[in-house]
Every structure is written in structure tokens, then in C-alpha cells.
Amino acid sequence: MANLGLFTGTKIVKSVNVSFRLPYYTHWGQRLLVCGSEPVLGSWDVKKGLLLSPAHQGEELTWCGSVAVPSEFSCEYSYYVVDDEKSVLRREMGKKRKLVLPDGINGGENVELHDLWQKCSLKDSFCAHYSGNTGGDAIPFRSAFKDVIFRLSWGLNIERPLGIQNKLDMEDAVLVHFKICCPNVEEETSVYVIGSTAKLGQWKVHDGRKLNYAGDSVWQADVVMQKGNFSLETGAHRDLSIDSSKVQPRYIFLSDGMMREMPWRGAGVAIPMFSVRSEADLGVGEFLDLKLLVDWAVESGFHLVQLLPINDTSVHGMWWDSYPYSSLSVFALHPLYLRVEALSENLPENIKKEIQEAREQLDGKDVDYEATLATKLSIAKKVFEQEKDLILNSSSFHKYFSENEEWLKPYAAFCFLRDFFETSDHSQWGRFSCFTEKKLEKLVSKDSLHYDIIRFHYFIQFHLHLQLSEAAEYARNKGVILKGDLPIGVDRNSVDTWVYPNLFRMNTSTGAPPDYFDKNGQNWGFPTYNWEEMSKDNYAWWRARLTQMAKYFTAYRIDHILGFFRIWELPEHAMTGLIGKFRPSIPLSKEELEREGIWDFDRLSLPYIRQEFVQEKFGASWTFIVSNFLNDYQKGRYEFKEDSNTEKKIASKLKMLAEKSMLLESEDKIRCDLFDLLKNIVLIRDPEDASKFYPRFNLEDTSSFQDLDDHSKNVLRRLYYDYYFHRQENLWRQNALKTLPALLNSSDMLACGEDLGLIPACVHPVMQELGLIGLRIQRMPSESDLEFGIPSQYSYMTVCAPSCHDCSTFRAWWEEDEERRCRYFKNLVGPDAIPSSQCVPDIAHFVIRQHVEAPSMWAIFPLQDLLALKEEYTTRPATEETINDPTNPKHYWRYRVHVTLESLLKDKELITTIKGLVRGSGRAHPSVQETDELGNQETIVLIPGKHQVTTGQEKISVGKQLNGVPRKETCVPQVL
């Protein structure tokens, strides 16, 4: 049939045929689709996009499709993996692709686009081994790399705009447009494409085609080739062939992904903000201390500084608020980290004196949370009275307020009401319990009597913003990533649950099933999220959180990333974390259980309490327990009384009995024993649907299970493993692929996921697909058959570390268990080695070296583990360096480093040791000014695969080895 072209009104315009080609290996039932900004590609409606067809080319599966477009056509587009209903199963990461047809292209021409799937992985970018499903990716365009690591200190001007510039005048020629992304290009360095044809230099670099910079890290060049059979080889696995027996395209856009180099690897240091100590701070680490920490990081060879959450947690007005993961507001910064001395350039002498006296009083071994916060707020109020009109009428404050008022006004109003009612429990606030915009505007009105209280909270948040912004910009300029922490939950009594109650399931709590951290499970007390409600505005609350974080951080850790697949949900009345269920999850139905011969649901779902159990647990006081907490149920069996049938009820009743001195044993012991009886069940009945059940975690450990007949045991054991390890996988995968992309696409920050604990099989494939970096702690291996992780076998898309804030330091772990220490040493060092009982510097050096030499993209070390490299810093008992004890829900987060940052900066011996480990591993590190023996300054820069020493205009490149394997160098720093 003749091509009649495209109709525009009454005029016929001969069209250009645009063909899409992308190699990609799919699973059964999956197809590829291209969708774009113009109607011919669906106008970003995937259901209307262009389905591609598969074709095998050798061992490669390539998806192809074409559309007819006008000659002036341009658009943006992306590729998607869809099912038969065109529902999205997977989407590309990274920026949208751009297509601009060449100027003057004639109607009837054929244009081919040769693309590669954009996958979010630095390894795929820099490694020389490509699979068919990898290509250009998103990670180099995350702010951590784009604005920090690869930030150009020299100008790189656009030499020509994106797209084909050359005109194709010869009839027997083909124009190939080469395009590649090179985010890490050094000054006075060129990018070439070379190949087997004469036009590409026949593998001679200087006869190859030099590419021009087109902006956004993209380099391009046009090469005109003669028609006919020809093949271009542009490096390992890069090829282009044209068959003259078919209709040949006249224009070929060859998008060849990322420049292939050795995988980029870096190192960093982790320390909570409150744990930092400096000579200038007031009892706790402060945002402006980060500048000193960044200086130390640069000197030591670190490209990253990682913090714990820094949001305001002032819920209880006491040291319980030291828990950094229980936010009062997910947007507000914590006043604890304010440097009051920086609030004004004109502090009165009496305030200066007060600050100095407070600095001496609060300079303790640990953080005194209550005294430190009270002191800072007291001083800040005095400065506020002096500075409020000057600051709050300034243009900089008005700009800040206009950008943040959506959360700042509710936060200030909440703080006022919290203090007025003396509780953060907003259900106790009378007519203010239910939030409305009208009530808010009245609370923050300039005409209100308490307006200065509202303005004080504005004042504090503004200065916190200024101080953290100053530190963040300082880090960026020094080539250091600031990595934040995104908590999985919010406090039940928070600004967010007050303003957005529909986003939370307030009758439930979140936690974690038994894992490495706590064998009994954890109950964090946070309300679970109402994901269905959140999805209605495309997770706007989450997107706003990430946008706010990105003002200060260029990378972040997603706390408990498993919560985006499924969350461990507990009833609101639970105090411990064992008797929960996963949400979402597919339960066991009554019909399913009955088909398996399970009928007695009360027996399985109610506490199984026999008289001998009570006698065994409580001894001589068993009759007291029965009379106060239990009723007769059946012969020889009991049930809990109505006022004692939940953990919170038991705890409340025990407290009352203890106040009357009626308990014969300790309150804690009786409470634990009663909780054990309450949890002696096999199935958990769904409170919303009595015909649905969930297997109790570790049900085989219960006496309720042990007393069942063999048939029931076998059935329940099989259903238990099906529930926890099989039937949920697809559901959880789909849930994560709905929620996580909204987070990842809401900011440019580099995302890392804390994926420790009970890991479903779907988690790591989804993280890999989305370009999320996982976490590997050596004592918590993800491999079930290992007791200790093997760093040399870690995958590239990971952060590796010997310890983290949720466990003891490596030094404490080493010294607390002799048998485990010997097993570790035998596995990692050798069968004949005898380990020291103390974690001496040589041991710390060995462990840190294991991790910096690992293939992981990042090796990030708690500062305490680094201090173990020098005996001088190990005089403090190792157990005092633990940041958190996950088994204690009321742990006091108060650890402070026992040495100041100023002292660490002066310790050249420790700096040299750390820097030697980082450099010796081949990891990249920031450039620093160093002075040689003659007093000459040199800029030392380490690029993976090369050692470069720059002195003046001279650049020398020498080979570098990593773990004994020589790296092959090229004569031009970046050559295809």
C-alpha cells in the first residue's frame, strides 16, 4: 500500500518513518512498549503507547517498532515493560530520552533509534561487561555524583546542542549519530569513538572521531558512512551492522549508554549528629560541626558523611525524645542541633557568658538530652527577643517562609498546643483535636495573643535551616556527600498524624518480626500507613518529605526498606512485637484450613493456658495470678479476664497491683511471664474479618503447637512456610513497585535501602531493578548458610560495614563472645590462627581492610570502628560506644565521641592510616593539597584505575592494581 503521509488540514505531508530498537530479555507474558510526550506515542499514557515486537538477532532479543511522524517532529520518550493489558511491570530509570529529527530531513526517510535500557546502576555504567538489559542509567545523575563527586571545578561549555547537525547530501550514504554519557570527565580530556572502519580510525585513537559536548554529561558526534554491507565495532559488545539486502535507514541514532570504566567505589564515615563532639558545641553535636567533620573526612580519604535522622522528636518533653526515629514532624529540624552562638552577630556579653558556662557544664561523657535542649531553647528565646523583628522581617526569612509554610505553620501551631495542653496527644486537645485549615489560620494569626510563641518556632527553624544549609554547601564544595536517614515511621502523636490522619491506621502499630536485632520482635509504636489513601495523590506526603531532605542531603538511607514491600503490623494494644502479621498479605482462609482438616479455631487462636503452665511459670504465687488475671475456661484450662486480655491491660493492672505492694515477685518478671501466656497461640484471627487467620511467628516454639496431633502439626507447619516464604512474594513485589518509584523520582538524591532482617525473596531483585543500594553488615549475612559475611563476595550495589548504629561496635562485638570470636577468626583468617581477646589496632586494621577492598560501591564505617585503629582511643570501654540497643524500646540515645573533631584533625597518624587503607583499596577519594619535602604543593587525585598526580600543567597516568589484579590502561583517559 502506498504511503499517503500525514494529513495536516487539507495538505498532505510526507512522513518520516522512525524505528525504535532496544535489546532486552523479557519473561513470559512481558512485552516492551515505548511511550512519549506526543500523541503518536501516547502522550505519556502508557495504555496508548507503541507496543514493540521481539526479534532474535543471534543470541540477543531485540524489540522493534516504528511510527510515521512529520519531518519537524521532536519528543521525549521512555521504554516500559508491560503485560498483556499494558499494565506497567517495569519502567526505565534515569532521564526521559529526547528525539529531535535532523533539520531539513526529507519525507519518506527512515530513521533508526538504537537504544539501551536505562538501568539505575553505576556498575553497569563503569563496568566493561554489559548484558542486554543495561544501558544509560540514573545513578550518575543523582545529586551525590552529579553535584558532588563529579562536580566540575572547571568550565565545560556546550560545543553543539543535542541532535544531528550535519546534513546528509549524498544519496548513497548513511549518517550515524553517536551519543554517550560521560559524567566524570577531567579537565583537558577528550572523548573519542574508535572502531574498525576508516571513518572511525581503524582502532587508532588519534584517527578516531572526537565527540562534542552537548550538555547534561552527553557527548555526541555524526559520522557519514557509505551505504552497503558494513559493521561498526565500537568496543566490547558495542556493534552496529547494516544489511544492504534490506531497506536501509538514512539516519541512525546510536545511544550507547554510559562510558565504560572500572566500577566507581568510595568510602565514608557514619556518626549520629548528637554524637559529634567539638570545642565549640554546647553539650551535643551541632549542624555547624559538620564542617569540621567534612574536613576530617576529606583528610582521611572519605567521600561521604552519614548521619542518623535529624528531625524534631520533641514529643514527650523528656529523654525519651532522644530516639531519633520517632519524629514529631518529618519536616522540622531538631532544635537540639542549633548553635545558639550563631543566632546573632551582636550577642550581649551576658548571653555570651551564659553560653560559655553552659558549655562547661554540659561537656559530659554522654549527652544530657533534657538539660541540653532546655538550655539551648532558653538562650534562643533571649536572642529571639532581641533579634525577632530584624530577622523575621528580612527578605531571606520571607523567602524561606514562602517555601516552607505548608509544614511550618502546622508545626508551630502544634508546638504551641503541645505546650499549652502539656501533652502531644492531640486527642486531648478539645476542639483542636481535629485539624482544619480554618483553625490553623486562627492559631497562627498575627492578631493572636500568642503570636510571638508561633514566631519563635519560625525563628528556630529558620536558623536551623541556615546552619544546616551552610554545612551542606561546605560539604558539596569539598566533594563530600551528606547522607541523611529517612525513618520508616512517625510518632503516633505527631504533627503529621494531626494534619493528615487519613494517611495513617491509628488502631495499629508497626514493628519488626524477630531478627538479628531482637529475637522477640520489635514494636516501634508507630501507626501503620494507609497506602491506599496515600496512592490517591501519588504519595504526595512522601514526595514532600524527600523534596525537603534534598535541600540538605545528596544521599539518603531508607530505614527498614522492607516496610515498602510489607510492614509488620501489630494491634494498637500490643507492647511487644511478636504477635503481628504482615500488611499487605494473603491470609489463611477458614475454608482453606477446613479443607486441610483444621476445625477448632478457638483452640488455635485463643491463648492456650493449662494449669500446669501457670504453676510452672509462677510457682507458689500461681493462685494469686489465677485469681487476678485468669478465669476458668475448660477443665484444667484458663482464659484471661476481660481487664487483662491484652498486653497493655496486663501492664496497667500490674502497675496498679505494684503500687499497692501486692506483687510477690518483680513486676517485670510477672509481666514477661503473663505476656508469654498471652502469646501462646498458633493462629492470629483477623480483627476485621473473623474468617481469616495468620500464622503466629515461630509457632512451632509454642506449647500450644506442641500439644496438637501430628496431622495438625504437619498442616500448620506447611501453611506457616507458605505464608511467610511463598504466597506473598508477588503481592509484596507489586506493592514495592507502586510505592518506591514515587520516592525515588521525587528527588535527585542517591538512595540506599536498609535491607537487614527477614528478607523476602522479592526484595533484592526489586532493589536491583530500581537501582537501590543495599546494606551488608558482616555479622548479619544475607546468606542463610553463613554465620559471617564475606566482604570480597559482596555485590557491587551495596554499602558494606563492620557494624552499624543498631548493634554493638566491632570492638565490643569482638570482645564479648570468645567462642564466636574464634569461629570468626578461623573462617576469615585461617584454622591455625589464635585471635587476641582484645580488639587491638591490628585486628581493626584487618577488618577495615576487608571492607575497603570489597567490591561494594560504598564502604561506610562507624567512627567508633575507625577509632579502634589507634590504641589511644580504645581506653573507653567498648560497651559504652554502642549507639542503640534494639531490644530496649526505651533506650537512651546519648553516646558522644570521647575525642573532639579538632583533636582528630591534628592526629596525622590516624589520618595517614585511614587514608592508606582507602587509597590502597583503589577507592576514589577527594583531592587534597599536600606538601612535599621541598615545600612544593601538589594536588593529589585518585581516579579508579589510574593514579594521577597533577603538578602545574603536567599530567602523568600510571597503572594501578586492586587486590593484586592489574588494570589495563588506555593511552587516552577516556576512549571508546
Side-chain angles (χ1 to χ4, degrees), residues 267-276 297 300 302 304-308 324-325 483 485 515-518 557 559-560 752-757 773-782 786-792 794 798-817 820-821 823-825 827-828 835-836 838-854 856 858-870 873-874 876-888 891 893-899 910 914 917-918:
V269 58
I271 189 71
M273 190 71 259
F274 58 80
S275 298
V276 170
S300 302
F302 292 137
L304 182 146
V305 168
Q306 178 172 323
L307 304 176
L308 294 188
Y325 288 90
K483 182 181 177 184
D485 198 322
D515 58 13
Y516 297 110
F517 300 120
D518 191 342
R557 167 189 177 271
D559 174 43
H560 194 65
C752 307
E754 182 265 291
D755 54 345
L756 303 174
I773 301 167
L775 177 61
R776 299 293 177 267
I777 305 296
Q778 191 171 23
R779 72 188 75 169
M780 307 172 191
S782 54
L786 293 179
E787 183 179 9
F788 313 109
I790 304 172
S792 62
Y794 291 160
T798 56
V799 171
C800 67
S803 69
C804 65
H805 68 273
D806 269 333
C807 60
S808 57
T809 63
F810 180 81
R811 186 162 69 97
W813 180 85
W814 178 270
E815 296 173 0
E816 69 189 8
D817 188 324
R820 182 182 62 198
R821 177 172 68 242
R823 292 195 304 273
Y824 173 87
F825 213 64
N827 288 341
L828 274 298
S836 165
Q838 300 297 309
C839 185
V840 296
D842 283 349
I843 296 295
H845 192 279
F846 168 76
V847 171
I848 292 171
R849 193 182 73 196
Q850 279 189 91
H851 288 77
V852 291
E853 291 182 352
S856 302
W858 288 102
I860 302 177
F861 302 94
L863 182 56
Q864 307 95 299
D865 288 346
L866 294 169
L867 294 180
L869 286 167
K870 191 170 183 180
Y873 300 125
T874 62
R876 183 175 184 174
T879 53
E880 294 182 1
E881 294 183 329
T882 298
I883 294 167
N884 177 40
D885 175 7
T887 65
N888 179 8
H891 177 76
W893 298 61
R894 63 186 313 195
Y895 166 71
R896 289 192 82 192
V897 179
H898 56 292
V899 57
L910 178 64
I914 297 172
L917 283 162
V918 175

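For Phe846 against Leu828, the heavy-atom pair with the smallest separation is CZ-O, 3.9 Å. Residues Leu910 and Leu866 come closest through the heavy atom pair CD1-O, 3.9 Å. Scanning all heavy atoms of the two residues, the minimum distance from Pro781 to Leu786 falls at CG-O, 3.1 Å. When every heavy atom of Cys839 is checked against every heavy atom of Glu815, the shortest pair comes out as N-OE2, 3.1 Å. Nearest heavy atom pair, residue Val897 against residue Leu867, reads CG1-CD1, 4.0 Å. Smallest separation of non-hydrogen atoms from Val918 and Ser300: CG2-O, 4.0 Å.
Contact annotation: the side chain of Val847 approaches that of Tyr824 to within less than 4.5 Å [non-hydrogen atoms, C-beta and beyond]. Looking at heavy atoms from C-beta onward, Ser803 lies in side-chain contact with Pro862 at the 4.5 angstrom threshold. Val269 is not listed as a side-chain neighbour of Gln306, based on a closest heavy-atom distance of 4.5 Å or more. Proximity of Ile914 to Phe861: side-chain heavy atoms (C-beta onward) are nowhere separated by under 4.5 Å. Contact check for Leu756 versus Leu775: side-chain heavy atoms found under the 4.5 Å cut-off. Residues Glu853 and Ser792 are not in side-chain contact: their nearest non-hydrogen atoms beyond the backbone lie 4.5 Å or more apart. Between Pro841 and Lys870 the shortest side-chain heavy-atom distance does not fall below 4.5 Å.
Relative ring orientation between Trp893 and His805 is described as tilted, the plane-to-plane angle lying within the 30° to 60° band.
If you take CD on Glu754 and CG on Asp806, they are separated by 7.0 Å, rounding to the nearest 0.5 Å. To the nearest 0.5 Å, atom CD of residue Gln850 and atom CD1 of residue Ile848 are 10.5 Å apart. With rounding to the nearest 0.5 angstrom, the CG atom of Asp842 is 10.0 Å from the CG atom of Leu869. In this structure, CD1 in Ile777 is found 11.0 Å from OG in Ser782, a value given to the nearest 0.5 Å. Here the CG-CD1 distance, from Leu863 to Ile883, works out to 9.0 Å after rounding to the nearest 0.5 Å. To the nearest 0.5 Å, the span separating CG on Leu304 from NZ on Lys483 amounts to 6.5 Å.
Put simply, the side chain of Ser856 never gets that close to the backbone of Ala859: no donor and acceptor are under 3.5 Å apart. Judged purely by atom type and a 3.5 angstrom limit, Arg820 uses its side chain to pair as donor or acceptor with the backbone of Trp813. The main-chain N or O of Ser836 is found under 3.5 Å from a side-chain atom of Trp814 such that the two form a donor-acceptor pair. Proximity of a side-chain donor or acceptor of Gln778 to a complementary backbone N or O of Gly789 within less than 3.5 Å is detected. At least one donor-acceptor pair closer than 3.5 Å links the side chain of Ser275 to the backbone N or O of Tyr895. Side chain of Asp865 to backbone of Phe810: a donor-acceptor contact under 3.5 angstrom is found. Under a 3.5 Å cut-off, the side chain of His898 and the backbone N or O of Tyr873 do form a donor-acceptor pair.
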Is there a side chain to side chain contact (heavy atoms under 4.5 Å, CB included) between Tyr325 and Asn884 once you walk through the steps? CA-CA 11 Å; Tyr325 288 90; Asn884 177 40; over 6 Å; no
Could you give me the CA-CA distance, side-chain angles and deciding distance for Arg776 and Asp755, then say whether salt bridge (Lys or Arg N to Asp or Glu O under 4.0 Å) is met? CA-CA 8 Å; Arg776 299 293 177 267; Asp755 54 345; 3.2 Å; yes
Tell me, with the steps shown, if Thr798 and Trp858 meet side chain to side chain contact (heavy atoms under 4.5 Å, CB included). CA-CA 7 Å; Thr798 56; Trp858 288 102; over 6 Å; no
How far apart are the C-alpha atoms of Ile860 and Phe302, what are their side-chain angles, what is the distance that settles it, and do they pass the side chain to side chain contact (heavy atoms under 4.5 Å, CB included) test? CA-CA 9 Å; Ile860 302 177; Phe302 292 137; over 6 Å; no
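Looking at Glu881 and Arg876, no side-chain N of the basic residue comes within less than 4.0 Å of a carboxylate O on the acidic one, giving no salt bridge.
Side-chain contact check for Arg811 and Thr879: no donor-acceptor pair (N or O, by modelled atom type) lies under 3.5 Å.
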